[in-house]
Amino acid sequence: MMFLKTGPLRHAFLFILSTYVAVDVMVKYRDDTKHPHISSRHWKRQETEDWPGQAEICSRREGYLEIGDVAGLRYKPRMKEGENPWNQMKWVGEVAPCRVKGHLIDKLDDERNFRRGFALRFTADVDDRTHLLPWILASKIDLNQRERRVFVDLGASYINTSLNWFMRMYPCDFTEIHAFESNAHLLQKPSRGFDEEANIMDPNPWSYMTKVTPEATQWMLDRIKIYHTVVGDEDDTASNSINITRFIKDELQLKETDTVVVKMDIEGSEWPILRRWINDPEMPKIIDELFVEVHYNHPSLAMYGWESHGEITKQNAKEMLGDLRWNGFFAHFWP
């Protein structure tokens, strides 16, 4: 390599070599879907600090349970006493002290029963989901790049509740939807799909571009599979119950390379399932994002039948969600 002894040629060679290496790195890492999941337990080694002391706090379980004077450490340098906008002004949730899978996530708002909009009278809908919108994982990374994109709705109720919300609001084109509802009278597909082409209006300079509110199209309905089965932690033919962990792993054969979003609202049956998932290192790798209504007994929710959940407290629910995050689940309280 005698030609490298001349200065200009040597510089040109080094420039070409460095460019090749940079391009190779960009190609390898440009797809977020191929990145390994960042375990919450390894946060200290993976992330830089958003605020002083964060790495130490988020290297412990207590950081994800939001125990202690976390708020004081985060906001002491810049927030005046009595001027916290998340007390009442903000409809959307506050950012949590610790990242999950390397991304910001919403704070566990147990003071308002995890229902900011309803608690603060921004809405009369106890199932309002507005506070979740800024924290959806698919708004941070592109989950559409994966070939198989699956939504699993556990406790779907009517098609116009959570199923419709995820089809409309979640920024991912699901190739499969698996909806579980034990009551066959509640969940049924519409008799026909919505015709998008027939709903187009002439160009409108003001606002309306459609004749009626769009619904689920036939091609989307064809992707939905409905199961009138009880979701549980074990298979039981007598009670028509299915082991949902086995179903996800063995029947659907979902992998870490798939996009998997799960919503769970199964009226108290979530507790043994979530305990199993916390102790199963494969599940936070398979599930990209988890929305779960963790049921507990509280006087303010008695009118909705939550007094039936016995001695389970709101603190128990918060700890469950914190433990899910600590173990790597990008989990939110639903709704």
Check whether any side-chain heavy atom of W334 lies under 4.5 Å from a side-chain heavy atom of L290, and answer yes or no.
no

Taking the six-membered ring for Trp, are Y227 and F180 parallel (under 30°), tilted (30 to 60°) or perpendicular (over 60°)?
parallel

Do you know the tightest heavy-atom contact between I136 and P171?
CG2-CD, 4.0 Å

Spacing of NE2 belonging to H131 relative to NZ belonging to K107, to within rounding of 0.5 Å:
13.0 Å

Among V262, L132, D265, which residue satisfies the side chain to side chain contact (heavy atoms under 4.5 Å, CB included) criterion with F291?
L132

Derivation and outcome, side-chain contact (heavy atoms from CB on, under 4.5 Å), residues M167 and M220:
CA-CA 9 Å; M167 286 191 290; M220 177 57 74; 3.3 Å; yes

Given the rule in the side-chain contact (heavy atoms from CB on, under 4.5 Å) test, do K189 and I226 qualify, once you have shown the distances and angles that lead to the verdict?
CA-CA 8 Å; K189 288 187 185 181; I226 292 176; 3.7 Å; yes

Look at the rings of F114 and F333 and say which category their plane angle falls in: under 30° parallel, 30 to 60° tilted, over 60° perpendicular.
parallel

Salt bridge or not for K285 and D280, using N-O below 4.0 Å?
no

Measure up the F122 and W91 rings against each other and bin them: parallel (under 30°), tilted (30 to 60°), perpendicular (over 60°).
parallel

Check: P97 main-chain N/O paired with Q54 side-chain donor or acceptor under 3.5 Å
yes

Report yes if the side chains of E215 and N164 come closer than 4.5 Å at any heavy-atom pair, otherwise no.
no

Which of these, R129, R99, R325, K90, sits in a salt bridge (Lys or Arg N to Asp or Glu O under 4.0 Å) with D106?
R325

Under 4.0 Å between a Lys/Arg side-chain N and an Asp/Glu carboxylate O for D110 and K314?
no

F174 and W165: same hydrophobic cluster, using ILVMFWY side-chain contacts below 4.5 Å?
yes

Run the numbers on L321 and V294 for side-chain contact (heavy atoms from CB on, under 4.5 Å), then give the verdict.
CA-CA 8 Å; L321 284 159; V294 184; 4.2 Å; yes

Considering residues, nucleotides and ligands other than Q218, do more than 12 of their heavy atoms fall under 6.0 Å from its CD?
yes

Go through the steps to decide whether Y170 and E289 satisfy the test side chain to side chain donor-acceptor pair (under 3.5 Å), and finish with yes or no.
CA-CA 11 Å; Y170 198 88; E289 189 160 23; 2.6 Å; yes

If the test is side chain to side chain contact (heavy atoms under 4.5 Å, CB included), which one of I177, T161, V261 qualifies with F166?
V261

Is I278 close to M320 at the side-chain level, that is, under 4.5 Å between some pair of heavy atoms?
yes

Okay, side chain of E319, backbone of L65: is any donor-acceptor separation there less than 3.5 Å?
no

Would a 4.5 Å heavy-atom cut-off, applied to side chains only, mark H228 and Q188 as touching?
yes

R149 side chain near N144 side chain, heavy-atom distance below 4.5 Å:
yes

Would you call E282 and K249 a side-chain contact if the rule is heavy atoms closer than 4.5 Å?
yes

Hydrophobic cluster identity match, V260 and L252, side-chain contacts under 4.5 Å:
yes

Donor-acceptor pair, N87 side chain versus E83 backbone, under 3.5 Å?
no

Note, R61 side chain near D323 side chain (heavy atom, < 4.5 Å)
yes

Do I141 and M169 share a hydrophobic cluster (ILVMFWY, side-chain heavy atoms under 4.5 Å, transitive)?
yes

Between H295 and G268, which heavy-atom pair has the shortest distance, and what is it?
ND1-N, 3.4 Å

Close side-chain approach of S162 to D153, heavy-atom, < 4.5 Å
yes

I need the minimum non-hydrogen distance between P284 and N327, along with the two atoms involved.
CG-O, 3.5 Å

Going through the distances and angles, do D128 and T130 end up as a side chain to side chain donor-acceptor pair (under 3.5 Å)?
CA-CA 6 Å; D128 175 68; T130 303; 2.9 Å; yes

How are the rings of W277 and F329 set to each other: parallel, tilted or perpendicular (split at 30° and 60°)?
parallel

Is the closest basic N to carboxylate O distance between E176 and R148 below 4.0 Å?
yes

Atom CD of residue position Q88 - does it have more than 12 heavy atoms of other residues, nucleotides or ligands inside 6.0 Å?
no

Is it true that, when you exclude E234 itself, more than 12 heavy atoms of the residues, nucleotides or ligands shown sit nearer than 6.0 Å to its CD?
no

Step-by-step salt bridge (charged side-chain N to carboxylate O under 4.0 Å, His left out) determination, E293 to R115:
CA-CA 11 Å; E293 185 166 50; R115 292 170 166 81; 2.5 Å; yes

Quick one: pull up CG in D233 and CD1 in I242 and give me the separation to the nearest 0.5 Å.
12.0 Å

Out of curiosity, L137 CG to H103 NE2, how far, rounded to the nearest 0.5 Å?
5.5 Å

Looking only at heavy atoms, the pair that brings Y296 and A317 closest together is CD2-CB, 3.5 Å

Where V92 and P134 come nearest, the two heavy atoms and their spacing:
CG1-CG, 3.7 Å

Before you tell me yes or no, could you show the steps for L221 and F194 under side-chain contact (heavy atoms from CB on, under 4.5 Å), namely the whole-Å CA-CA distance, both residues' side-chain angles and the distance that decides it to 0.1 Å?
CA-CA 9 Å; L221 292 178; F194 187 76; over 6 Å; no

Following the transitive rule for hydrophobic clusters with a side-chain heavy-atom cut-off under 4.5 Å over Ile, Leu, Val, Met, Phe, Trp and Tyr, establish whether L120 and W86 coincide in one cluster.
no

d(D235 CG, T229 OG1) to nearest 0.5 Å is 10.0 Å

Looking only at side-chain N and O atoms, does Q145 offer a donor or acceptor that is under 3.5 Å from a partner on D142?
yes

Between H332 and F330, how do the two ring planes meet: parallel, tilted or perpendicular, split at 30° and 60°?
perpendicular

Give me the atom names and distance for the closest heavy-atom approach of A156 to L187.
CB-CD2, 3.7 Å

Cluster question for you: counting only ILVMFWY and a side-chain heavy-atom cut-off of under 4.5 Å, with indirect links fine, are L133 and M89 together?
no

If I take atom OG1 from residue T210 and atom CE from residue M201, how far apart are they, to the nearest 0.5 angstrom?
7.5 Å

E181 CD to S157 OG distance, which is reported to the nearest 0.5 Å
5.5 Å

Option among D288, D258, T175 that satisfies the side-chain hydrogen bond (donor to acceptor under 3.5 Å, both in side chains) test with R146
D288

